[in-house]
Amino acid sequence: MTIIDGKDLSQKIKSEIAIEVEKIKSAGGKTPHLAAVLVGENPASKVYVRNKVRSCEQVGFKSSLVQKDIDITEEELLETVHFLNNDPDIDGFIVQLPLPKHINEELVTLAIDPKKDVDGFHPVNFGRMALGLPCYLPATPFGIVTMLDRYNIETSGKHAVVIGRSNIVGTPMSILLSRKAKIGNCTVTITHSRTKDLPSVVRQADIIIAAIGIPNFVKADMVKEGAVVIDVGINRVDDDTAKRGYRLVGDVDYQGVSEKCSFITPVPGGVGPMTVTSLMLNTLKASRKEIYGE
Ligand code: BQF
């Protein structure tokens with residue numbers, strides 16, 4: 001069994017990005033600039049935004065954190081988005097999700113200029129992804145594809161079972177794995193809360209993408225011997241012995257499953273760091289105008 005070390009791989013990719021940024025700067029180019037909008041005080045969101053700002057520092061990007069009160073109106077947030085769309089120094093920006101209930105996430109995502117949509121959540125980028133056109137890939141699926149690629153995991157002809165159908169992980173992951181590409185050519189099954197006898201479907205998988213948001217959902221008896229297991233879950237569970245009073249648990253029962261599979265991603269230190277690093281790769285693409293030109 002091989003542990004896919006997302007922390008180590010993301011450090012490696014970040015040093016590759018840092019070299020590219022140095023080249024841009026020494027050629028007199030503009031420093032890549034990522035902005036993040038954080039609404040309210042959701043503790044997990046604060047951690048995620050902090051991770052992104054720290055990664056920007058590590059790769060030599062400029063970053064701007066735009067903090068807004070929890071009671072900001074939808075109109076005011078849309079104004080913020082328009083301001084960032086029109087700021088020529090900002091190459092890309094993200095609006096950290098989830099947003100408070102009184103704000104329509106779809107409306108806010110639609111307002112982001114697709115050229116600056118480094119999360120890849122805008123329908124233009126999602127549509128381009130589905131069609132195999134150049135686009136910003138959503139960061140988590142991008143990170144997973146990169147892991148499979150860098151660990152030389154064969155995907156062609158394999159049966160991939162995706163657990164979960166969210167817009168940001170399950171659905172795009174199923175599209176990416178089925179397309180005609182180096183990491184792709186899978187036969188994909190997408191499963192969800194209404195799937196009948198989900199364990200029997202997951203047992204057929206050569207590659208399991210667990211993105212359902214339930215701690216330890218995937219047990220050893222649901223995993224075929226030698227399967228590749230990608231754990232997207234980041235669940236906080238109470239733990240009095242932990243420094244912060246909680247610990248992170250994936251969607252996979254790591255203990256049991258790791259004895260059966262060929263590859264597995266740990267939590268923490270698996271998909272999570274790769275998500276943040278993929279956002280850095282998208283921001284570098286944005287600063288280079290790689291997808292949409294000038
Ligand atoms: C790690 C995210 C759900 C909903 C919105 C490293 C991150 C997480 C874990 C991180 C995530 C999850 C992010 C680890 C960003 C990934 O060591 O295991 C980094 O910062 N993430 C997000 O921005 O929004 C989310 C998950």
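First listed ligand is number 1; within each ligand, the first listed atom is number 1.
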Using 0.5 Å steps for rounding, measure from the CD1 atom of Ile3 to the CD1 atom of Ile264.
8.0 Å
Check whether the side chains of [X] and [Y] place a donor and an acceptor atom closer than 3.5 Å, and report yes or no.
X	Y	result
Thr73	Glu76	yes
Gln96	Lys52	yes
His159	Asp206	no

Pro134 vs Arg128 side-chain heavy atoms within contact, under 4.5 Å
yes
Short N or O separations between ligand 1 and the protein, below 3.5 Å:
from, atom 1, to, atom 2, distance (Å)
ligand 1, 17 (O), Gly269, N, 3.2
ligand 1, 18 (O), Gly269, N, 2.9
ligand 1, 20 (O), Asn51, ND2, 2.9
ligand 1, 23 (O), Lys52, NZ, 2.5
ligand 1, 23 (O), Gln96, OE1, 3.4
ligand 1, 23 (O), Gln96, NE2, 3.0
ligand 1, 24 (O), Gln96, NE2, 3.1

Is the ring pair Tyr151/Phe263 parallel, tilted or perpendicular, if the boundaries are 30 and 60 degrees?
perpendicular
